[in-house]
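Order of the sequence lines sets the chain letters (A, B, ...), proteins ahead of strands, with each chain counted from 1.
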2 protein chains.
Amino acid sequence: MEEIHLIFARNLKAIREKEKLSLEKVSQLCGVSKTMIGQIERGESSPTLTTIWKIATGLKVSFTALIHQPQSETEVVLKKDIPVLSEDNGKYRVYPNFPFQEDSRFEIYTIEIDQGGQLSAEGHKEGTEEFITVFAGELMICVNDHNYTLKSGDSIRFKADRPHDYRNAGDTLTKLGMTIYYPNER
Amino acid sequence: MEEIHLIFARNLKAIREKEKLSLEKVSQLCGVSKTMIGQIERGESSPTLTTIWKIATGLKVSFTALIHQPQSETEVVLKKDIPVLSEDNGKYRVYPNFPFQEDSRFEIYTIEIDQGGQLSAEGHKEGTEEFITVFAGELMICVNDHNYTLKSGDSIRFKADRPHDYRNAGDTLTKLGMTIYYPNER
DNA sequence: GTTATTTGTACGTTATATCGTCCTAAATAA
DNA sequence: TTATTTAGGACGATATAACGTACAAATAAC
């Protein structure tokens, strides 16, 4: 996922050029210094909410138009580029492959659990569901006071808005894919 | 119009309380310091775009949900509270009564022009239209190389995406109401 | 009632967003 | 060409966003 301020940068510049405005002109229209507009466009600055508002209002464009990412056809995410999150002294590792996005409303993780590794999660937001598939090793998962043991190829889906925990009770590395779905509010 | 960071503040706090989360919890979910979350909620801080993104993503709420202003039934704007914009050495004064909003897509001004006062405006964004009504005095307006003289009670509408200018050629103060409409992009 | 734990705020420090001025290169005019 | 404007970026100063720690009040545990 491209950094949000770079998306903003590109959108702002595109709008400015489409309207054939100079930095100076945009500066006047928005009440934001020319320098700042320039820095934002170059992705050197992550503007403040009030600045964002001034720009949107000054340019008469929607807030959304400035932060919208035109979905590219294809996006490749290499494991080596994903910032890994560690729990349980590094025995439980989370790789966020695809972060949450408000349109799709789910996120996708890969998780590795070393022998004996474990994680207890409190419930997520109400309505949340998890979809897990095991790709290697064995997974013991406890939710609603039920224990389930899954082996490679097995899957489970459950309401994740309550406490639950994952454990590798086997004797090899466990790998699994996890998709978390957050239904729309209201 | 309430300041944007106060709207954000209220929305954030409302969401947090609805989910029954502590500042600490929100901090963890979003990767933003507890202190910062607190300051934002109290309206003491105007968060950075990256911080806004972290909050939206961490809370799994839309960007829009955070900046949405539930339109109140009624809003009173007193002239004395409007920051006046002066041109032509103070002889041309602009009062922004209602600023641009992306849903309604227009803004409403009141303008006062002293005797002899004048303003030349370059064209606004393409498609823009102006709706003017004179409430006192006399207005001379030039657009598309045409001159129009309006007296109290008269109105004019014209495409404002080209240069135009206003002038008080009479001998009393001119007052007028102006609505500028910016059609949706595309 | 006392002790812990949790929750929100105050404070001091650092990072950085924002502004104004100056500078360089390109575009336009003379 | 030379002069003049314009457009974008560099630099230094200031305001403030963001962080970590410490504190006070409230809540929970005993």
Side-chain angles (χ1 to χ4, degrees), chain A residues 2-59 63 66-67 83 85 120-125 163, chain B residues 2-59 63 66-67 83 85 120-125 163:
Chain A
E2 189 178 7
E3 287 218 46
I4 186 71
H5 73 278
L6 297 179
I7 298 175
F8 191 97
R10 181 151 20 81
N11 286 330
L12 173 55
K13 184 161 192 182
I15 292 171
R16 182 172 70 83
E17 292 180 342
K18 177 160 153 290
E19 306 283 342
K20 301 205 198 311
L21 301 171
S22 66
L23 290 180
E24 173 67 30
K25 199 70 217 300
V26 172
S27 167
Q28 293 167 213
L29 287 170
C30 303
V32 174
S33 76
K34 181 177 67 163
T35 312
M36 187 42 32
I37 302 289
Q39 288 189 27
I40 293 170
E41 276 193 2
R42 272 172 274 135
E44 294 172 13
S45 182
S46 179
T48 276
L49 179 58
T50 52
T51 306
I52 298 174
W53 185 85
K54 285 182 189 170
I55 293 175
T57 308
L59 257 34
F63 223 89
L66 289 167
I67 56 166
L85 306 172
S120 300
E122 329 144 46
H124 307 224
K125 192 171 171 179
Chain B
E2 189 177 7
E3 288 218 46
I4 186 71
H5 73 279
L6 297 179
I7 298 176
F8 191 98
R10 181 152 21 81
N11 286 331
L12 174 54
K13 184 162 194 181
I15 292 171
R16 181 171 72 83
E17 292 180 341
K18 178 160 152 291
E19 306 283 341
K20 301 203 197 315
L21 301 171
S22 66
L23 289 181
E24 173 67 30
K25 198 70 217 299
V26 172
S27 167
Q28 294 167 213
L29 287 171
C30 304
V32 175
S33 76
K34 183 175 65 163
T35 312
M36 187 44 34
I37 302 290
Q39 288 188 27
I40 293 171
E41 275 193 3
R42 272 172 274 135
E44 295 173 12
S45 182
S46 179
T48 275
L49 178 59
T50 53
T51 305
I52 298 175
W53 184 85
K54 286 182 190 172
I55 294 175
T57 308
L59 258 33
F63 225 88
L66 289 167
I67 56 167
L85 306 171
S120 301
E122 328 143 49
H124 306 225
K125 193 170 172 178

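Shown here is A:Glu122, whose CD atom has no more than 12 heavy atoms of other residues, nucleotides or ligands within 6.0 Å.
Residue-level contact check: B:Glu44 touches the backbone only, with heavy atoms under 4.0 Å from sugar-phosphate atoms and none from bases. Counting non-hydrogen atoms under 4.0 angstrom, A:Ser22 reaches the backbone sugars and phosphates but no base.
Here D:dG8 presents its P atom at 10 Å from CG of A:Leu21, a figure rounded to the nearest Å. Summarising the geometry, the separation between CD1 on B:Ile40 and C1' on D:dT16 is reported as 13 Å, rounded to the nearest angstrom. As rounded to whole Å, 15 Å separates atom C1' of D:dC19 from atom CG of B:Leu23. At whole-Å resolution of the value, CD in A:Glu17 and P in D:dG8 are 8 Å apart. The separation between A:Phe8 atom CZ and C:dA17 atom P is 13 Å, rounded to whole Å. Atom CE of A:Met36 and atom C1' of D:dA17 are 13 Å apart (whole Å). Atom CH2 in A:Trp53 sits about 17 Å away from atom C1' in C:dT18, given to the nearest Å. To the nearest angstrom, P of D:dA17 lies 16 Å from CD of B:Glu41.
OP1 and OP2 of D:dT16 both lie 4.0 Å or more from every side-chain N or O belonging to A:Thr48. An OP1 or OP2 oxygen of C:dG8 is reached within less than 4.0 angstrom by a side-chain nitrogen or oxygen of B:Arg16. Remark: B:Thr51 is not in phosphate contact with D:dA17, judged by side-chain N or O atoms under 4.0 Å from OP1 or OP2. Residue B:Thr35 places none of its side-chain N or O atoms closer than 4.0 Å to OP1 or OP2 of D:dA18. Listed pair A:Arg42 / D:dA10 meets the phosphate criterion, a side-chain N or O lying under 4.0 Å from OP1 or OP2.
Residues B:Cys30 and B:Ile55 share a closest heavy-atom pair of SG-CA, 3.7 Å. Nearest heavy atoms, A:Lys13 versus A:Glu41: CA-OE2, 3.5 Å.
In this structure, the side chain of A:Ser27 does not engage the main chain of A:Leu23 through any donor-acceptor pair within 3.5 Å. Judged purely by atom type and a 3.5 angstrom limit, B:Ser46 uses its side chain to pair as donor or acceptor with the backbone of A:Thr50.
Projected onto DNA chain D by closest heavy-atom contact, B:Ser46 and A:Gln39 fall at different nucleotides, the more 5' of which corresponds to A:Gln39. In this structure, B:Lys13 and B:Thr50 both approach DNA chain C, and ranking their closest nucleotides by distance from the 5' end singles out B:Lys13.
In this model, no side-chain donor or acceptor of B:Lys34 finds a partner on the base of D:dG20 within 3.5 Å.
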